[in-house]
Amino acid sequence: MSHPERANPYVSHQFETATQQREASILGMWIFLATEIMFFGGLFLAYTIYYNMYTDAFKEASQHLDVMLGGINTGVLITSSLTMAMAVWAAQTSRQKLLVLFLSLTLVLAFVFLGVKAVEYMHKFHDGLVPGALFTYDSPRRDQVQLFFFIYFVMTGLHGVHILIGIGVIAAILVMAIKGKFHAQYNNPVDVTGLYWHFVDVIWIFLFPLLYLIGRYLPGAH
Amino acid sequence: MSTNVQPHNGGGNPLYTANPDVVDMSNYLRAGHTLRSWLLTVDHKRIGLLYLISITFMFFLGGIFAGLIRLELMTPEGDLVSSSTYNKLFTMHGIVMVFFFLIPSIPAVLGNFLVPLMIGARDMAFPRLNLMSWYVYIIGAIFTMYAIVAGGVDTTWRFYTPYSTSFANTHVMMTALGIFIMGFSSILTGLNFVVTIHRMRAPGMTWFRMPLFLWAMYATSIIQILGTPVVGIAILLVGVERILGVGVFNPDLGGDPILFQHLFWFYSHPAVYIMILPGMGVVSEVITCFSRKQIFGYPFIAVSSLLIAFVGFFVWGHHMFVTGQSPYAGLIFSALSFLVAIPSAIKVFNWTATLYRGSVTFSTPMLYVFGFIGLFTIGGLTGLMLATLGIDMHVHDTYFVVAHFHYVMVGGMLLAYMAALHFWWPKMTGRMYPEGWGRLSALMVFMGFHLTFFPQFILGYLGMPRHYHTYPDEAGYQILHVLSTAGATVLGAGFLLPAIYFAWSFFYGKPAGDNPWLAKGLEWETTSPPPVFNFEKTPIVTEPAYNYSVHGDEVSEGSHVVAP
């Protein structure tokens, strides 16, 4: 029986020390985020190309997005990043109740974001701006505007999927936190979930101006 | 993300301790005999074997498609299959072989088995993620197999738009979904390797003491991590476009079909290096062992792997010389493609220099490696011809291209995979394969391969286009096609042979001992088959890789140790 002796019960069998385990978790999440950047990168490339080909149509289409709702959502997501960061701090300093509180707040804010997003999608649906058979927008630049909304729905949809995955992970972490699994000696899952959540936030920080604000940029120019 | 927080004995895995009568922790093959103990294992060695079984199945499936293609091409008329069936055959041959065999082959089977052993670790950094990536692979394979059984797909493995989005009425969605899912398996495996190599090395195992196989796996993983998501998003867009009927790649609706090709080749050219780099790592291991010499130019081989991975990301446009991309882009992509030849040639020269005045043994893995070097060199040099704008215009989409990439993929990667299987088979199973049959298979594969694919260079040069199931009678193509089909038969038999004797030797082969090749490297210092946690205690590394000079009398007089 060759499994090694270990003093620390929080270290999985493949690791020698808690530090090694922690560094591996964090590096693993950073690499995963690099993958995610390339994943969204393909869409950002498509956006850039079509924006340059059809600048006017994209600006016209962008006018139909609700800057107010998008702005509220930006605020909601940034606030949720703050509460997530506080949760990581609470876990690292063994503040059990605060950890549960901040994770719950993050979860609530994530649901608020999805709720606002759903309202926005509903509006687009009513206005006939969903690409495909339901697209009723009438303009000489119809196809190009449709292209904008195609990219809008794929990018925000994919971002929404990431929010959903985040909700699942945070909920799991919350359950473990309520059971008291995290403290100063062991909090890697909270830490890496925090990294993921900040990434989802950062993606939105790029999406918001690219999709919502380009129509407002230099209004007299076109 | 490791979330395993249970205090553990027996490694924290209840499977290892469930039945103390049966479980033998000193041999990973005997640590649990139930199907459950295999399907829920987190042991990287068992996961490697799960992959071995899965990809072997996919390899023979892809081989059957290839066989049908070769049979059809024996005569100028389309007398075996219809043109639409033929389109499906070469599409499914490509999809199965590329995505479900070549990409996972060495990384998922031997990388999984060897990476922790070679760095002196008990397991991967994320064992459960490792098991999950196998399941993800299987789910992707099931979707693709469903598409095949339901009637196939005919877009070629490249899914070029707008054909795949607006016109094809075969099972594009299912296949695309299968490949999209399988991509995550590739990403997760790469992620696991990078973290494992960064964080799990045994004391004393510095970067420049690592076996070159690990450098190759590291470079491969970087490509998997950064490239795969891009093809994922491209395939996702094809799917959404098919569902909604919107034209992101459809020129009628303002889309740009060439954008798809850019996104596709941004992954699929580096994917060529996902397929060949691990093979290069294997060659470095095998060639030093059977030359009984330290490898020549260790740091150059190590860094050249990273260079290939890096430069490989900037050459994708050479697949698109005739798409109407700007001639200046073509010029730059052509020049960058030439650059890849430099790190590749560095490796070939260093391997050759390693052989110089070594005590060379012609055992099966070494024969396969010799095959690799020769065939890869031919494949690589014809690659330079294709990177030249003028020649590419002439032979684009002909059998010249088909022959070129088969020399790299089959002649290169597949031969390296066979070398690796033979070389580490005693470690994986504790048993020897029959050496005589092994050499025969190496010879058959080498001969059969040349006979299959060399005529295709000539065919392509004479103007035979790819993707056609008929050809004009008077063009003189038939004799070359017949030669090629004859070669494919020999090649097929050459691959069937190892499948049979490996299966036989798994049960009846003669016990191999811990280190039958007297090879260096941590994996050879533990028992065969290794214990569940790989080593009795964590090894401490005190010497450079391939320190064959310590085997005194095994080293030939003339060999000289080159300091790393």
Side-chain angles (χ1 to χ4, degrees), chain A residues 1-4 6 8-16 20-21 23-25 27-29 31-32 34-43 45-46 49-50 53-54 57 130-133 135 141 143-144 146-147 149-151 153-154 157-158 169 172-173 176 181-182 186 188-189 192-193 196, chain B residues 1-13 16 25-26 116 121-127 129 187 190-192 194-196 198-200 225-230 232-234 236-237 240-241 243-248 252-256 259 262-263 266 531-533 535-538:
Chain A
M1 305 298 153
S2 62
H3 72 84
R6 266 171 307 274
N8 189 338
Y10 304 109
V11 178
S12 299
H13 75 272
Q14 70 271 29
F15 297 109
E16 298 282 340
Q20 188 188 27
Q21 171 165 302
E23 286 176 345
S25 304
L27 180 63
M29 184 44 88
I31 292 170
F32 180 71
T35 289
E36 292 276 39
I37 287 171
M38 297 306 285
F39 198 60
F40 279 98
L43 289 172
L45 175 75
I49 286 169
Y50 290 126
M53 281 165 80
Y54 310 126
V130 177
F135 194 74
R141 292 194 275 248
D143 287 344
Q144 300 162 7
Q146 179 166 256
L147 214 50
F149 279 102
F150 180 82
I151 289 173
F153 274 102
V154 173
L158 201 62
V169 176
I173 298 288
M176 289 164 82
K181 298 241 177 174
F182 303 122
Y186 181 76
N188 299 345
V192 294
T193 309
Y196 172 81
Chain B
M1 258 176 309
S2 174
T3 51
N4 186 356
V5 292
Q6 297 155 345
H8 45 76
N9 39 43
N13 187 338
Y16 295 143
M25 297 289 281
S26 68
R122 280 188 287 279
D123 205 325
M124 290 287 199
F126 309 120
L129 193 70
I187 292 171
L191 187 156
N192 222 336
V194 170
V195 177
T196 305
H198 265 284
R199 290 285 176 248
M200 309 291 283
I225 290 163
L226 297 180
T228 319
V230 178
I233 202 71
L236 191 77
L237 286 175
V240 181
E241 179 168 342
I243 293 170
L244 293 179
V246 192
V248 71
D252 283 348
L253 298 170
D256 183 358
L259 175 62
H262 279 292
L263 291 173
F266 180 82
V532 171
F533 292 118
F535 301 95
E536 284 297 319
K537 58 177 196 221
T538 304

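Quick note: numbers below take in every heavy atom, side chains included, and nothing from hydrogens, waters or symmetry partners. Here is the naming used below: chain letters follow the sequence lines, and residue numbers restart at 1 for every chain. On a predicted model such as this, the values are computed, not experimentally measured, just so you know.
- The backbone N or O of V248(B) lies less than 3.5 Å from a partner atom in the side chain of Y50(A), making a donor-acceptor pair.
- Annotation: the span from I225(B) atom CD1 to M38(A) atom CE amounts to 11.5 Å, rounded to 0.5 Å.
- Ranked by heavy-atom pairs shorter than 4.5 Å toward chain A, the options G245(B), P127(B), G232(B) are led by P127(B).
- Heavy atoms closer than 4.5 Å to chain B are found in the side chain of I49(A), but not in its backbone.
- Atoms CZ and OG1, on F39(A) and T228(B) in that order, are 11.0 Å from each other to the nearest 0.5 Å.
- The contact between L147(A) and chain B is made entirely by side chain atoms (from C-beta outward), counting heavy-atom distances below 4.5 Å.
- Under the side-chain hydrogen bond (donor to acceptor under 3.5 Å, both in side chains) criterion, Q144(A) pairs with no residue, sequence neighbours left out.
- Heavy atoms of N192(B) lying under 4.5 Å from chain A are absent altogether.
- Both the backbone and the side chain of F32(A) come within contact range of chain B, judged by heavy atoms closer than 4.5 Å.
- If you measure heavy-atom distances from Y54(A) to chain B, the contacts under 4.5 Å come from the side chain alone.
- Between P116(B) and Q14(A), every side-chain heavy-atom pair lies at or beyond the 4.5 Å cut-off.
- Two residues are said to be in side-chain contact when any heavy atoms from C-beta on lie closer than 4.5 Å; F150(A) and L237(B) meet this criterion.
- Note on G227(B), G190(B), G255(B): by heavy-atom pairs under 4.5 Å with chain A, the leading option is G255(B).
- Residue contact with chain A, scored on non-hydrogen atoms closer than 4.5 Å, involves the backbone and the side chain of L253(B) alike.
- In this structure, no portion of A57(A) lies under 4.5 Å from any heavy atom of chain B.
- Interface remark: I187(B) contributes side-chain atoms only to the contact with chain A (heavy atom separation under 4.5 Å).
- For a residue to count as touching a neighbouring chain, one of its non-hydrogen atoms must lie under 4.5 Å from one of that chain's; by this rule L236(B) touches chain A with the side chain only.
- When every heavy atom of I233(B) is checked against every heavy atom of G42(A), the shortest pair comes out as CG2-CA, 3.8 Å.
- Only the side chain of L158(A) comes within contact range of chain B, judged by heavy atoms closer than 4.5 Å.
- Side-chain contact between L191(B) and T35(A) is absent, with no heavy atoms from C-beta onward closer than 4.5 Å.
- Only the side chain of L259(B) comes within contact range of chain A, with heavy atoms under 4.5 Å apart.
- Residues satisfying the salt bridge (Lys or Arg N to Asp or Glu O under 4.0 Å) criterion with E23(A), sequence neighbours excluded, are R199(B).
- Here the side chains of F15(A) and M200(B) are in contact, with some heavy-atom distance below 4.5 Å.
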